[in-house]
Amino acid sequence: MAETAFAPWNDESATPLIQFKNVTKRYGDFVAIDNLTQDIYAEEFFALLGPSGCGKTTMMRMLGGFETVTEGQILIAGQDMNNVPPNKRAVNMMFQSYALFPHLTISENIAFGLKREGKPKPEIDARVDEMLRLTRLEKFAKRKPHQISGGQRQRVALARSLAKAPKLLLLDEPLGALDKKLRQDTQFELMDIQEKTGTTFVIVTHDQEEAMTVASRVAVMDEGQIIQVATPADIYERPNSVYVADFIGDVNIINGHATRAGDGYDVTYAEGTAPLHAKTSNDLGNSAKCALAIRPEKVSITAQKPSKAANTVKGKIIDIAYLGNLSTYHVELANGQMMKAQAANTRRLERRAFTWEDSVWLSWTDTAAIVLEA
Ligand SMILES: Nc1ncnc2c1ncn2[C@@H]1O[C@H](COP(=O)(O)OP(=O)(O)OP(=O)(O)O)[C@@H](O)[C@H]1O
Ligand SMILES: [Mg+2]
């Protein structure tokens with residue numbers, strides 16, 4: 001599987017479609033993008049994730065040609081994009097604040113780019129119908145933008161940006177205003193469009209689940225820099241930093257001191273307790289301050305001390321969050337450290353084993369945790 005899966009970033013002979021080369025963007029003294037270098041390959045679904053203000057939209061606007069680059073270079077298909085205006089780039093962008101033409105109907109909005117290209121009318125009509133169907137807007141074709149809802153307007157903007165079947169499509173929070181069900185359906189539509197047309201997508205999203213669902217690779221950003229780029233599974237299972245581990249999903253962080261031991265590290269975190277052990281190929285040297293990161297779903301919770309587990313700690317249940325299919329137990333260890341453990345709710349509520357104030361054991365395997373630089 002691994003060899004045949006889509007992963008051009010692992011192929012040294014593959015040439016990237018998009019290259020950011022030491023790109024810096026300054027607004028006055030403020031550095032919005034900080035010496036960023038990144039390749040994106042044709043037919044990728046590349047997701048940018050990061051807190052508000054970290055520079056996601058700025059990256060997209062520079063790529064689309066709506067913003068100049070202060071230093072460095074952006075190449076598309078090997079061509080330097082400096083001084084190439086937006087309409088001369090093989091790029092289409094759906095903006096975060098999607099500006100629809102208020103005096104045009106929904107159909108006319110979607111047709112706009114195609115008309116400007118001088119396509120024949122029957123071809124335009126067929127394409128617009130297809131886009132209306134795709135985004136489930138058939139009923140609203142004749143209305144004006146102010147006569148439809150916010151989520152519907154967002155779908156019009158998406159339909160308009162897809163209508164021209166661009167080779168490279170930049171989507172800035174394209175599904176933000178949609179409800180969960182429609183959002184998931186549209187995610188699958190986008191993936192389908194990509195498979196059928198070979199479009200390369202760069203998408204900004206605030207929704208981690210969305211990034212994990214659609215992306216070939218996820219870039220996690222902070223303050224104008226990309227902290228890690230990896231497949232969704234690697235971002236989740238092998239974050240390169242506390243920042244990324246903490247940003248994606250829920251995680252327990254135990255700060256301690258790592259000493260090399262066998263196939264990994266022993267981590268001491270509190271006086272009078274046995275060290276925790278983690279297998280790892282991460283290299284922190286012989287001895288270093290560290291952060292141990294463990295996902296709550298990898299932590300087991302039991303009444304008796306498990307005999308076999310590599311890591312066991314004792315604690316008391318402080319809080320239980322009932323999530324329907326799962327419960328998250330908030331457990332305080334003897335040193336005051338809080339940990340979360342998640343367990344599937346396979347039994348009915350009244351037969352559950354644990355409640356508040358119970359003494360419990362938490363345990364996890366030696367491969368469940370990763371050791372990160374503190
Ligand atoms: N024209 C501008 N002049 C000055 N500063 C700007 C300008 N445009 C953006 N910035 C700043 O650059 C930083 C990055 O902005 P950007 O819009 O790229 O953030 P973002 O990651 O898209 O955030 P959000 O998730 O909120 O959309 C922000 O701190 C923003 O205030
Ligand atoms: Mg933005």
Side-chain angles (χ1 to χ4, degrees), residues 18-40 44-74 76 81-83 85-86 89 91-100 150-151 153-158 160-161 166 168-178 180 183 186-187 190 200-215 217-230 232 235 239-241 243-249:
I18 300 166
Q19 292 166 282
F20 283 82
K21 290 188 168 177
N22 301 102
V23 173
T24 293
K25 176 67 192 181
R26 278 192 219 100
Y27 294 108
D29 289 343
F30 179 76
V31 181
I33 296 293
D34 187 4
N35 192 24
L36 187 144
T37 295
Q38 181 63 46
D39 291 344
I40 300 171
E44 270 211 73
F45 211 130
F46 194 86
L48 296 174
L49 213 56
S52 183
C54 71
K56 304 179 296 292
T57 298
T58 305
M59 260 186 86
M60 301 276 258
R61 289 178 56 85
M62 289 192 294
L63 196 49
F66 304 99
E67 197 69 77
T68 57
V69 171
T70 313
E71 275 165 36
Q73 250 187 332
I74 295 176
I76 298 180
M81 287 292 119
N82 273 349
N83 306 317
R89 302 184 185 200
V91 178
N92 211 348
M93 178 154 178
M94 176 181 161
F95 291 97
Q96 196 168 8
S97 56
Y98 32 93
L100 301 178
R153 278 198 288 274
Q154 192 165 39
R155 276 142 66 197
V156 177
L158 185 62
R160 188 177 61 179
S161 64
L168 173 55
L169 187 55
L170 311 179
L171 302 170
D172 198 348
E173 303 263 0
L175 313 179
L178 308 186
K180 192 162 172 119
R183 203 180 166 111
T186 313
Q187 287 166 8
L190 286 178
T200 306
F201 287 97
V202 182
I203 185 172
V204 170
T205 173
H206 264 114
D207 180 343
Q208 298 172 24
E209 227 178 278
E210 182 164 290
M212 303 300 258
T213 307
V214 299
R217 287 190 297 167
V218 175
V220 180
M221 296 183 66
D222 187 28
E223 297 189 345
Q225 299 186 332
I226 292 179
I227 309 300
Q228 185 174 12
V229 183
I235 283 276
N240 67 359
S241 56
Y243 178 81
V244 172
D246 205 31
F247 194 81
I248 307 282

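As the structure lists them, so they are numbered: ligands from 1, and atoms in each ligand from 1.
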**Q.** Residue of the set Leu158, Val91, Asn92 for which side chain to side chain contact (heavy atoms under 4.5 Å, CB included) holds with Leu169
**A.** Asn92
Q | Atom CD of Gln73 with >12 non-hydrogen neighbours under 6.0 angstrom | A | yes
Q) Looking only at distance, does Glu173 have an N or O less than 3.5 Å from an N or O of ligand 1? A) no
(Q) I'd like to check whether Cys54 has a polar contact with ligand 1, where a contact means an N/O of the residue lying under 3.5 Å from an N/O of the ligand. (A) yes
Are [X] and [Y] side-chain neighbours, meaning at least one heavy-atom pair lies under 4.5 Å?
| X | Y | value |
| --- | --- | --- |
| Val220 | Val218 | yes |
| Tyr27 | Thr58 | yes |
| Met81 | Met62 | no |
| Lys25 | Thr68 | yes |
| Phe46 | Thr200 | no |

Could you tell me which atoms of ligand 1, counted from 1 in the order shown, lie closer than 4.0 angstrom to a heavy atom of [X]?
| X | result |
| --- | --- |
| Thr57 | 17 (O), 18 (O), 20 (P), 22 (O), 27 (O) |
| Phe30 | 11 (C), 12 (O), 13 (C), 29 (O) |
| Ala32 | 12 (O) |

Q | Distance in Å, Ile248 CD1 paired with Leu49 CG, rounded so as to fall on 0.5 Å steps | A | 4.5 Å
**Q.** Every N, O or S from the protein that is nearer than 2.8 Å to the Mg ion (ligand 2)
**A.** Thr57 OG1, Gln96 OE1
May I ask you to identify the nearest protein heavy atom to [atom], giving residue, atom name and distance to one decimal place in Å?
| atom | result |
| --- | --- |
| atom 14 (C) of ligand 1 | Gly53 O, 3.3 Å |
| atom 16 (P) of ligand 1 | Thr58 OG1, 3.5 Å |
| atom 25 (O) of ligand 1 | Lys56 NZ, 2.8 Å |
| atom 26 (O) of ligand 1 | Ser52 OG, 2.5 Å |
| atom 27 (O) of ligand 1 | Gln96 NE2, 3.0 Å |
| atom 1 (N) of ligand 1 | Tyr27 CE2, 3.4 Å |

Q.
With the threshold set strictly below 4.0 angstrom, can you tell me whether any protein non-hydrogen atom sits that near atom 30 (C) of ligand 1?
A. no
Q | Residues forming a side-chain hydrogen bond (donor to acceptor under 3.5 Å, both in side chains) with Thr205, sequence neighbours excluded | A | Glu210
Q.
Using heavy atoms and a 4.0 Å limit, tell me yes or no: is His206 in contact with ligand 1?
A. yes
Q.
Given 3.5 Å as the limit, does a donor-acceptor pair link the side chain of Glu71 with the main chain of Asn35, or not?
A. no
Q) Should the pair Arg183-Glu209 be classified as a salt bridge under the 4.0 Å nitrogen-to-oxygen rule? A) no
Q: Assess whether side chain to side chain contact (heavy atoms under 4.5 Å, CB included) is satisfied between Asp172 and Lys56, documenting all intermediate values.
A: CA-CA 8 Å; Asp172 198 348; Lys56 304 179 296 292; 5.6 Å; no
